[in-house]
Enquirer: 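Mind looking over this structure? Questions follow.
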There are 2 protein chains.
Amino acid sequence: MDIGEIARRAGVSRSTVSYALTGNRPVSEATRRRIQTVIDELGFRPNAAARALKEGRTRTLGLVIPAAGRRLTDMQLGFVATVVEAAAGADFDVLLSPSGGDHDRSFERIVTGRRVDGVILMEIRLEDDRVSRLRRSGLPFVAIGRTRDTAGMWWVDIDYTALVSRCVHHLADLGHRHIALVNRSAELIAAGYGPGHRALAGFSEAVAERGVAGLDVCCGDDAPAGEACVERLRAEHPEVTALVSVNEAALPGIQRGLERAGLGIPRDFSVAGVAARHWAEDFRPPLTAADVPTHDMGARAVELLLEQVSTPTAYPRHLLHTPPISLRSSTGPAPRPAT
Amino acid sequence: MDIGEIARRAGVSRSTVSYALTGNRPVSEATRRRIQTVIDELGFRPNAAARALKEGRTRTLGLVIPAAGRRLTDMQLGFVATVVEAAAGADFDVLLSPSGGDHDRSFERIVTGRRVDGVILMEIRLEDDRVSRLRRSGLPFVAIGRTRDTAGMWWVDIDYTALVSRCVHHLADLGHRHIALVNRSAELIAAGYGPGHRALAGFSEAVAERGVAGLDVCCGDDAPAGEACVERLRAEHPEVTALVSVNEAALPGIQRGLERAGLGIPRDFSVAGVAARHWAEDFRPPLTAADVPTHDMGARAVELLLEQVSTPTAYPRHLLHTPPISLRSSTGPAPRPAT
DNA sequence: TTGTAGGCGTTATCAG
DNA sequence: CTGATAACGCCTACAA
């Protein structure tokens, strides 16, 4: 069934049906209604491929997610969900591309095959092949995260440097003199994952500024890793009395580790961090943390992308979120040394 | 840049380029190589829309996920990830469609607009509009889960009835006489969500069979709900000494609730359930549970769908998983009544 | 207000 | 072994 079928049944020409469909030309109320009736009757919808071919646009966005295999973190999932939702709100569909390392079949198919009007990129590294690839292709794209060199690039990101720095200052204000940073996994850091590096930068800087001792450790993205991490920390650096976590998935493990070590939060040990709200609220006691606005970020990324799609010459824009740190109850004065 | 450009540069006709690309007709090695060179040089890939229009297929699968807004559960996320991965393995892209109850613009777009060659449906209800819609459309589809009437339908599911029943038997064998079922949310049950109903069916049946007292409660898909659920359970039914959970996201809360109530697991209280492996292993102590093979199920769903796409006349197939219950350490003999 | 015709980039059927 | 050419279904000048 195609537009011709509708035209025949409605007794009009194909173009009239098309115009009735798109509204790109006035159609008399009478014929419009006749056409609509036939369409409803047959449940017709224009073929997306034909339309895309003719119009040169697909009304589809590509969403590049971290390569399959690794489980997505909650935060990443949050982005996926809100991107899809925001796109749907603009009547755009979302094509998923799991693309990890370098040249991925799916990525190439989507980009070079012109399957989408624009791309949203997740889990950006400081140097990222996909970004350069996309830059070359001329396909509009928005990064959730950013590369080292952001020239001419559209992106949405969280200011991990500032956020971690603030956490350190907060803890230092409370009298803590030995503070640890629980970062993301060693592999991610080694791969040049931006937030990991920026968190570390903010940490080092703040720690130096306050003249306190800073210790940074990598930690896998799950509870067991978090627990192991705390155990090691206690064993090797018992002087540490507070930690800042940018690894939300490790939080339950961190909590368990502290518990098992017999440390009360925040009486004996303070914890602060950056995490999606529900992680922070699930922590016991509720975590003093910068709540990552995944929802907003995903929606903004789509917004920027659609803007770029409709105005390819637009000047690059970006959004750097620095959500406030919500003071909950996981941080307190440093315990008196047990002299 | 199109196929004509390549043809010109390679000094051949457009059809030859096409044949070199698809392999649908022998092309002399010499010209094939010449064409390939030009293609590599220019980084050409055939336009997906044109190809879809001509071939009548899109090499894309639709994945219908629960409506945005609600956070996806870990299990659902697992399906998404493995479906995408499996599809990518077969050089298929995946188009996401968030379609909850009714307002399915995106769903309609994808189905009627012929944007995909087939659809995978998640979170199936016993009566499901999307299933009937898809049945009518003639578009191949596979459900992860199943409706009440599965006639002529392709699906992959977990046998919640059997699994929950086994858990109950296991607990009854251990001497528990008062067992609770922690089900999914009341809304989901009310909406006719299959697993919820089938879990309940298996529970009621097994409980009756063993002559033990059964109590079923609904519980939201998150930790706080799990904790609240346990609290209520303790307050209103202190005689209960064991529970079966089919709500993995509530598990951390269940654990916390039991802890706060001062109950040791499994000394004072036993817990069994159905959950993805990592949830079970994160439980303290590790949870005796049927490990839901999300990975396998997603991959199988894609397999079935591709089979159906390539052989539309194939006889409907389905897969009912009944993973074994892994005995870990969260279940033990019923405590002696405190007489 | 409506109809006619051409073309978007491919593939596949004819010829050669 | 290779070229011309006609569709695929839609949109949109151009004509009426």
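Values below: all heavy atoms of this structure, side chains included; hydrogens, waters and symmetry mates excluded. Chain naming here is simple, since letters A, B, ... match the order of the sequence lines and numbering starts at 1 in each. These numbers were taken from a predicted model, which means no experiment stands behind them.
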Enquirer: Would you say Thr16(A) reaches dG3(C)'s phosphate, i.e. side-chain N/O to OP1/OP2 under 4.0 Å?
Expert: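 Thr16(A) to dG3(C) OP1/OP2: side-chain N or O found under 4.0 Å.
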Enquirer: Please confirm whether any donor atom in the side chain of Arg14(B) sits under 3.5 Å from an acceptor in the base of dT10(C), or the reverse.
Expert: yes
Enquirer: Tell me what Gly113(A) touches on the nucleic acid: a base, only sugar-phosphate, or nothing, going by heavy atoms under 4.0 Å.
Expert: nothing
Enquirer: Any donor-acceptor pair under 3.5 Å linking the side chain of Asp129(B) with the backbone of Ser132(B)?
Expert: no
Enquirer: Could you give the CD1-to-C1' distance, from Ile35(B) to dT2(D), as a whole number of Å?
Expert: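 Ile35(B) atom CD1 is separated from dT2(D) atom C1' by 10 Å.
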Enquirer: Tell me if a side-chain donor or acceptor on Ser18(A) pairs with a main-chain N or O of Arg14(A) at a distance below 3.5 Å.
Expert: no
Enquirer: What is the separation between atom CG on Asp2(B) and atom P on dT11(C), rounded to the nearest whole Å?
Expert: 11 Å
Enquirer: Can you check the Arg51(B) CZ to dT10(C) P distance for me, whole Å?
Expert: 8 Å
Enquirer: What is the distance from CG of Leu21(A) to C1' of dT12(D), rounded to the nearest Å?
Expert: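 Interatomic distance, CG of Leu21(A) to C1' of dT12(D): 14 Å.
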Enquirer: With heavy atoms under 4.0 Å as the rule, sort Ser28(A) into base, sugar-phosphate or nothing.
Expert: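 Sugar-phosphate contact only.
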Enquirer: To the side chain of Ser13(B), which of dG3(D), dT4(C), dT11(C) is closest?
Expert: dG3(D)
Enquirer: Let me spell it out: for each of Lys54(B) and Glu29(B), pick the nucleotide of DNA chain D with the closest heavy atom. Which residue's pick is nearer the 5' end?
Expert: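 By nearest-heavy-atom nucleotide position, the 5'-most residue is Glu29(B).
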Enquirer: Check whether any side-chain N or O of Asn24(B) sits under 4.0 Å from OP1 or OP2 of dT11(C), and answer yes or no.
Expert: no
Enquirer: Are Asp91(A) and Arg109(B) close enough for a salt bridge, meaning some N to O gap below 4.0 Å?
Expert: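 Between Arg109(B) and Asp91(A) there is a salt bridge, with a charged N closer than 4.0 Å to a carboxylate O.
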Enquirer: Using heavy-atom distances to pick each residue's nearest nucleotide on DNA chain C, tell me which of Val17(B) and Pro26(A) is more 5'.
Expert: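 Here Pro26(A) is the residue nearer the 5' end.
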Enquirer: Verify the contact: side-chain N or O of Thr31(A) to OP1 or OP2 of dT2(C), cut-off strictly under 4.0 Å; return yes or no.
Expert: yes
Enquirer: Are any side-chain N or O atoms of Thr311(B) and backbone N or O atoms of Gln308(B), one a donor and one an acceptor, separated by less than 3.5 Å?
Expert: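 No; zero donor-acceptor contacts below 3.5 Å.
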Enquirer: Could you state the atom-to-atom distance from OH of Tyr19(A) to P of dG9(D) in whole Å?
Expert: 20 Å
Enquirer: Nearest to the side chain of Thr22(A) - dT10(C), dG3(C), dC11(D)?
Expert: dC11(D)
Enquirer: Find the distance Ile3(B):CD1 to dA4(D):P and express it as a whole number of Å.
Expert: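 Roughly 14 Å, once rounded to whole Å.
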Enquirer: Counting only heavy atoms not in Arg25(B), do more than 12 sit closer than 6.0 Å to its CZ atom?
Expert: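 More than 12 within 6.0 Å, yes.
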Enquirer: Select one nucleotide: of dT13(C), dC14(D), dT12(D), the one nearest the side-chain heavy atoms of Arg25(B).
Expert: dT13(C)
Enquirer: Measure the distance from CZ on Arg8(A) to C1' on dG3(C) and round it to the nearest whole Å.
Expert: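 That distance rounds to 16 Å.
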Enquirer: Indicate, yes or no, whether a donor-acceptor pair under 3.5 Å links the base of dT4(C) to the side chain of Ser15(A).
Expert: yes
Enquirer: Can you tell me how far C1' of dG9(C) sits from CZ of Arg115(A), to the nearest Å?
Expert: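 Checked: the CZ to C1' distance equals 15 Å.
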Enquirer: Which listed nucleotide (dG9(D), dG3(C), dC10(D)) is nearest to the side chain of Leu53(A)?
Expert: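 For Leu53(A), the side-chain atoms sit closest to dG9(D).
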Enquirer: Identify whether any heavy atom of Ser18(B) sits under 4.0 Å from a base atom; if not, whether one sits that close to sugar-phosphate; answer base, sugar-phosphate or nothing.
Expert: base
Enquirer: Between Arg9(B) and Glu41(B), is the closest basic N to carboxylate O distance under 4.0 Å?
Expert: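 Result for this pair is no, no salt bridge flagged.
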